[in-house]
Undergrad: 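One structure, pasted below without further comment.
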Protein chains: 6
Amino acid sequence: MTAPSREQVLVEALPYIRRFRGSTVVVKYGGNAMSDDLTSFAEDVVLLHAVGIKVVVVHGGGPQIGALLQRLGMESHFVDGLRVTDADTLDVVRMVLVGKVNRDIVAALNVHGPVAVGVSGEDANLLQASPTDPKLGYVGDVSEVHTGVLDRLLAQDLVPVVATIGVDEDGQSYNINADTAAGAIAEALHATKLVYLTDIEGIRRDVADPSSLISTIAADELQSLIADGTVSAGMIPKVASCVAAVKGGVHKAHILDGRVDHALLLELFTDSGVGTMVTP
Amino acid sequence: MTAPSREQVLVEALPYIRRFRGSTVVVKYGGNAMSDDLTSFAEDVVLLHAVGIKVVVVHGGGPQIGALLQRLGMESHFVDGLRVTDADTLDVVRMVLVGKVNRDIVAALNVHGPVAVGVSGEDANLLQASPTDPKLGYVGDVSEVHTGVLDRLLAQDLVPVVATIGVDEDGQSYNINADTAAGAIAEALHATKLVYLTDIEGIRRDVADPSSLISTIAADELQSLIADGTVSAGMIPKVASCVAAVKGGVHKAHILDGRVDHALLLELFTDSGVGTMVTP
Amino acid sequence: MTAPSREQVLVEALPYIRRFRGSTVVVKYGGNAMSDDLTSFAEDVVLLHAVGIKVVVVHGGGPQIGALLQRLGMESHFVDGLRVTDADTLDVVRMVLVGKVNRDIVAALNVHGPVAVGVSGEDANLLQASPTDPKLGYVGDVSEVHTGVLDRLLAQDLVPVVATIGVDEDGQSYNINADTAAGAIAEALHATKLVYLTDIEGIRRDVADPSSLISTIAADELQSLIADGTVSAGMIPKVASCVAAVKGGVHKAHILDGRVDHALLLELFTDSGVGTMVTP
Amino acid sequence: MTAPSREQVLVEALPYIRRFRGSTVVVKYGGNAMSDDLTSFAEDVVLLHAVGIKVVVVHGGGPQIGALLQRLGMESHFVDGLRVTDADTLDVVRMVLVGKVNRDIVAALNVHGPVAVGVSGEDANLLQASPTDPKLGYVGDVSEVHTGVLDRLLAQDLVPVVATIGVDEDGQSYNINADTAAGAIAEALHATKLVYLTDIEGIRRDVADPSSLISTIAADELQSLIADGTVSAGMIPKVASCVAAVKGGVHKAHILDGRVDHALLLELFTDSGVGTMVTP
Amino acid sequence: MTAPSREQVLVEALPYIRRFRGSTVVVKYGGNAMSDDLTSFAEDVVLLHAVGIKVVVVHGGGPQIGALLQRLGMESHFVDGLRVTDADTLDVVRMVLVGKVNRDIVAALNVHGPVAVGVSGEDANLLQASPTDPKLGYVGDVSEVHTGVLDRLLAQDLVPVVATIGVDEDGQSYNINADTAAGAIAEALHATKLVYLTDIEGIRRDVADPSSLISTIAADELQSLIADGTVSAGMIPKVASCVAAVKGGVHKAHILDGRVDHALLLELFTDSGVGTMVTP
Amino acid sequence: MTAPSREQVLVEALPYIRRFRGSTVVVKYGGNAMSDDLTSFAEDVVLLHAVGIKVVVVHGGGPQIGALLQRLGMESHFVDGLRVTDADTLDVVRMVLVGKVNRDIVAALNVHGPVAVGVSGEDANLLQASPTDPKLGYVGDVSEVHTGVLDRLLAQDLVPVVATIGVDEDGQSYNINADTAAGAIAEALHATKLVYLTDIEGIRRDVADPSSLISTIAADELQSLIADGTVSAGMIPKVASCVAAVKGGVHKAHILDGRVDHALLLELFTDSGVGTMVTP
């Protein structure tokens, strides 16, 4: 079997391009899946944008936050595995997410031209939040998504890059789990696709068995895998968000291996899907 | 040297896609270069359109006109190599261009979805014409291009396919040379590119010597090749239109070999240009 | 009784002009009713347009198709009175309708300025079709009308002239009965009026008795005239379309004598209605 | 010679309708030319509007003002033939123009549907004024025309009816000569036509000789007729405004006999022009 | 207690400005409450407008109408306390309301710049009316409010000033009670506030007892005060309109003392409400 | 002299409100002038916005940057009084400006409702930069201002809050002096006013003499005060930017004492100007 010619590859991408043109895709990036080199990720997002897909990037930044807290000598306390976030910690979280990770992603995308704009979930009440649990301080849940600012940026043919800081009605900010925020945004935008770029290959029926990787699974069945403990703790926010988003109207949710170069392109524009796809 | 992976091909097309996105490309097709199978041509045009290029297709149909005239037993007289066009002949020309060739191209494009709309140069005075020479009957030159109808279709994200029948101020129709019409349309639209798909490889310095194929040439120099007889008679309308269009503001004009599958894609989206490019 | 002065005639037209201004009128023309001289028809349509009526012209071209088939020596086979249409015949039908009759009507209208634009039912899937009967080849029924292209042209203050070639989902074209197509278009556009210009005076209760001409008839009663055989075979598509259109929301349908000069004006702008009017 | 049929009359109006469609016509009405029965005038204006002409009606109301002043026992003083207008008189002028004449004209037009809207020259500074002469009190000249309010009403397909009260920068109102105001408005709107409906037949070379009625005259020549005293005093504002308007870009100015029923229709839509036409 | 500084006053107005910005306030003015000096009223309206409130002013003019009728020696007959309005009287009513009171209010507002536009209830059928009682002649009730003209003026950032002349379907005008018209307009516009500027302090539970002034009252309770005769005859149109408007969706209705300078500002922008507020 | 009543204060603000409504005001805040309590500043900005002024806030954050660098134990080197900014320092600068100071100002404004949106000078190439001096690392000068993002936010009735990070054509970020950036933005926006909130009273002719405070000064004269050394080093960026902005078309520039509560309100809405005003 010989390799396809360049023009064949382009022509074979045509049906995918036509199918997704004008549709909305929310991509969760960052955290452990975010490599030092953003080049491959940026090329994928810019190519999606160039062929007419409305892309929204949502990111967290756990490792980067941890690193700055450590440099500042600020110790974190954890309750049920969640970092207790006091006012000082929140300041650091916000500086890192809004002032560093967000800007780095925006800058990487804008190497290809002025396509990306950084947004904090606080802007225009994008991510309206309420406290998760008094014991956790300024950790919040998304109570509502106001998509106005995203709608406007997408209408201007721009790629919004969202830092997941939320805000309550009194103007108090909260640290929001980025996986959950991405799902809520995808649902609110009636996105066609919600894609998690992670540092795993996908979901396995048996965590220990690479051959048990699930290629396609219905939302209901996936929910039962959470219930019976098959899905590991760290993956629960992503997986639960996939289930919720698909049940809330998102056409397809994907958990892809962000460590593979151009994972987004492979998934969207070729027959060789990578990772796990969740269907209604 | 190994073949590039699919994702590499797509990523390498990115700078081209970004460069041409939103720009206008006029493609002259038809005549001898038009094969029975429009599939490859249609895929190229639809892909250009899908990545945000404003494409206008202009076509003639000499061989198809000749065939119908022959079936009808209508003999043609020629003056200086141009077919004398009386009212009956014009009726046949119009039926073939507007009612057959135009519809065939539109249909081939619309296999990929409703992207193409057929237009006659008579519509909304698109191609305003005046008689070339009384001896030739209803053979006309383009005196003005009214781009209104093209502007509207392009604004609606559609691909206009133009049959080159012109019309004068009294509503009389004329048969217009499609090569010249394509150049005039490109100039009037301030197109970025004007592309002729022909049945030759490109322009040669020495017609007899395939190795003398010109890859890039400035408009002024090309004009001197017409003057000194290097360019053959049949190519003169195309070549002169390239020169005029580039001098009139079109960025680049191309004479490509339409017999090569996906010649348009190769020229626009890869480094391997094909045929001859005319620069200012 | 003296003739009214010019200014009286104009003033008496005022209530009609005000009543129909902004409303949509679909006019079926062509076939046997189409005379060699399109002047009177064109004046009427342009006057309707000038006073703010949205006019859509729909045409067939049976006699002209028959003439070209004969010149080409192509024999037609008939099944149940309908011409079997193979691929070659369809090519001829399309050339005549789109490339000749349509252009002739457009040209006659545009003598008064650039008001008319030719449209094939294939454009933007205007007339979506399915095969009527496998034995008939590419003869189709209208399965759906996509009015997008008409809406846009009407919004731009233009008169669409529709050639009744339909298209199915695979891009295959079909020959569509123009009477039926006109009715379907009127219904889809929620037209105020549907007018058939024919070569008869109107509908008679007794075909043999000129004095039995029906001036006004309700759709239900007209339907019963079809059922009891009063309506002659050749008139059934028109009459059945009138009934269907009025039942589908068109306010009034008319069968007028297109051989009378300015029949449209007389019907719309004076008290002297001509022909038969069908009411809900 | 037999009278033309109704449909012939309508068809003969077509070229006029097409010529004036979308153009702006300013009609000065009122004063002595305004009869008790506004029916014929209203029909003409509504018909012009119905065929797509942008009509602006400008009116004065000298006789009606005189009548109310008399009923109130308010005596008028005249300086150089112009009524001295003190604050009380201005109140009466404004009540009559804005509160009576304007409303009567608007009501007569709106019998045909909601087409007319009353406007005072004070609205949105339409007629910006400065005092003509301190001795005359609140009599003003038009120093500038702000067409904003007219533009908006015309864009909404309405007929503005303008009472000629002006206003200065301090909000003080002035009584403005309606003939002059009509000319200034026509010039500011770049009108195609300015029409004065008067109580004379037109302009005569010899006032005493009905056969010396001028049918067409150039602005320059007309100006010389003012200079040499041929034009009578009462006609000077109209005639001078015609000259100024035509020199300022209005295509044609007309002085018509408003006592003839449907004078406007006869002038605009038939070959039988009435009165005097001023050309550049 | 010292007086607040200027900046404190401005800052304390901020929450009110933000609350009412973009909301619609209908203000009934005129009649007995209208003083000779419109300065304070005009400043208030222009300030409301300047901070982004959509203000509609509605006015009557009973005393001014009475004065002109008297000057003209026209006697009025009364039936059940309502003036019988024949055609001549209606002419006077219209001249005074449209040609004097309306223009005076518009002029007072426009001293601050071109913010106000005069409107008659006849314009574009704003106040559609039907006769109240044949014995009263041209006295009408509002049967429908067509807010089109107000919507357009408000959208253009203008203040409509409405003279309460209504019109029926045949174009006949009617004299409309301004209090009732203001309520109907407020309801039709879904106004936030309806404010009556009157010549009393507000509503008292005991007319004779100044200390019984009602500060806030629910619509239902107020209705019972009409029923039990507590509300005096002259106040009934205002009070009944307040009740109807609040029940019809207006958030709050106010009866303020228009004799207090800047009563509108005090009510809207400070904590010191004046007069009586009606709540749902 | 008694204090003015509340309604008097509001009415006296009216001419200022009307004068500045719709105009653009750029306010430089932050640095030493930024107090811990943003309440008074936020109230002023929100009030300006509420009365229809287009406000743009530009901020730096020197002290806050210094504090975080110190906590992280990062030493700064200075060349000619400017901090050498290496990649790590730039990261800290960006985190503090974009992730802390900007968010704090946005949050303080949004306590009054969703009016403010944070923007980095990197967004959509707002502040295009080039390196000031290779020795200083990533310290940049503004080479161009692309106001697109500000225009859009202002058109949506929002208050942009700009962190002064610039970006060059390769996507590299730079630390930009906020005083200079504010001037450049005011000039690019054709602002009516440019206001510096500082921690001094204004400009003195003699720094040591409080009584020499300059109330109003022409740009040319102010320039000469820089030249002759009257203006102290720390004030030079502000003062030079005032001069440049006023020469570049900004109507007025102000240096106000930001330590005075509501300094902005006092300057814009009362006769008691504070600080120094620079005129053309």
Side-chain angles (χ1 to χ4, degrees), chain A residues 38 42 61 64-65 67-68 70-74 88 90-104 106-126 128 146 148-149 151-153 155-156 158 160-161 163 165 167-173, chain F residues 38 42 61 64-65 67-68 70-74 88 90-104 106-126 128 146 148-149 151-153 155-156 158 160-161 163 165 167-173:
Chain A
L38 299 174
Q64 295 88 342
I65 292 166
L68 186 59
Q70 197 175 358
R71 282 179 67 189
L72 290 167
M74 292 168 69
D88 276 357
L90 181 64
D91 251 23
V92 171
V93 167
R94 201 160 65 159
M95 280 200 296
V96 171
L97 289 187
V98 175
K100 173 145 184 53
V101 179
N102 190 269
R103 300 316 314 179
D104 286 347
V106 167
L109 293 172
N110 285 349
V111 163
H112 298 272
V115 298
V117 170
V119 172
S120 165
E122 301 155 288
D123 287 333
N125 290 332
L126 170 55
Q128 190 145 339
H146 296 107
V149 65
D151 294 338
R152 279 198 299 267
L153 292 171
Q156 289 157 17
L158 294 166
V161 178
I165 303 289
V167 66
D168 71 12
E169 285 172 359
D170 299 326
Q172 172 62 48
S173 297
Chain F
L38 299 174
Q64 295 87 342
I65 292 165
L68 185 59
Q70 197 174 359
R71 282 178 69 190
L72 290 168
M74 292 168 68
D88 277 356
L90 181 65
D91 252 23
V92 171
V93 167
R94 199 159 67 159
M95 278 201 297
V96 170
L97 290 186
V98 175
K100 172 144 184 56
V101 179
N102 189 271
R103 299 319 312 181
D104 286 347
V106 167
L109 293 171
N110 284 350
V111 163
H112 299 272
V115 299
V117 170
V119 172
S120 166
E122 302 155 288
D123 286 333
N125 291 330
L126 170 54
Q128 190 146 338
H146 296 107
V149 64
D151 294 337
R152 279 199 300 268
L153 292 170
Q156 290 157 19
L158 293 165
V161 178
I165 302 289
V167 67
D168 71 11
E169 284 172 0
D170 299 326
Q172 172 61 48
S173 298

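Fair warning: this is a prediction, and the values are worked out from it, not measured in the lab. So you know, we letter chains A, B, ... as the sequences are listed, proteins then strands, and number each from 1.
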Undergrad: Measuring heavy-atom distances to chain F, does A/Asn125 have an atom under 4.5 Å in its side chain, in its backbone, in both, or in neither?
TA: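 Side chain of A/Asn125 only, per the 4.5 Å heavy-atom cut-off to chain F.
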
Undergrad: If I compare all heavy atoms of F/Ala107 with all of A/Gly171, which pair ends up nearest, and what's the gap?
TA: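 For F/Ala107 versus A/Gly171, the nearest heavy atoms are CB-O, 4.4 Å.
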
Undergrad: So which part of A/Gln156 gets closer than 4.5 Å to some heavy atom of chain F, the side chain, the backbone, both or neither?
TA: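 Answer is side chain: those atoms of A/Gln156 sit under 4.5 Å from chain F.
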
Undergrad: Side chain, backbone, both or neither: which part of A/Val96 has an atom under 4.5 Å from a heavy atom of chain F?
TA: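 Backbone plus side chain of A/Val96, per the 4.5 Å heavy-atom cut-off to chain F.
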
Undergrad: Count the heavy-atom pairs under 4.5 Å between each of A/Leu158, A/Asp104, A/Asp170 and chain F, then report the option with the highest count.
TA: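 Among the listed options, the one with the most contacts to chain F is A/Asp104.
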
Undergrad: Nearest 0.5 Å please: distance from the CE atom of F/Met95 over to the CG atom of A/Asn102.
TA: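 With rounding to 0.5 Å, CE (F/Met95) is 13.5 Å from CG (A/Asn102).
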
Undergrad: What are the two closest heavy atoms between A/Leu72 and F/Leu68, and how far apart are they?
TA: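 That would be CD2-CD1, 3.8 Å.
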
Undergrad: Between atom CZ of F/Arg103 and atom OG of A/Ser120, what is the distance when rounded to the nearest 0.5 Å?
TA: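 It comes to 4.0 Å.
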
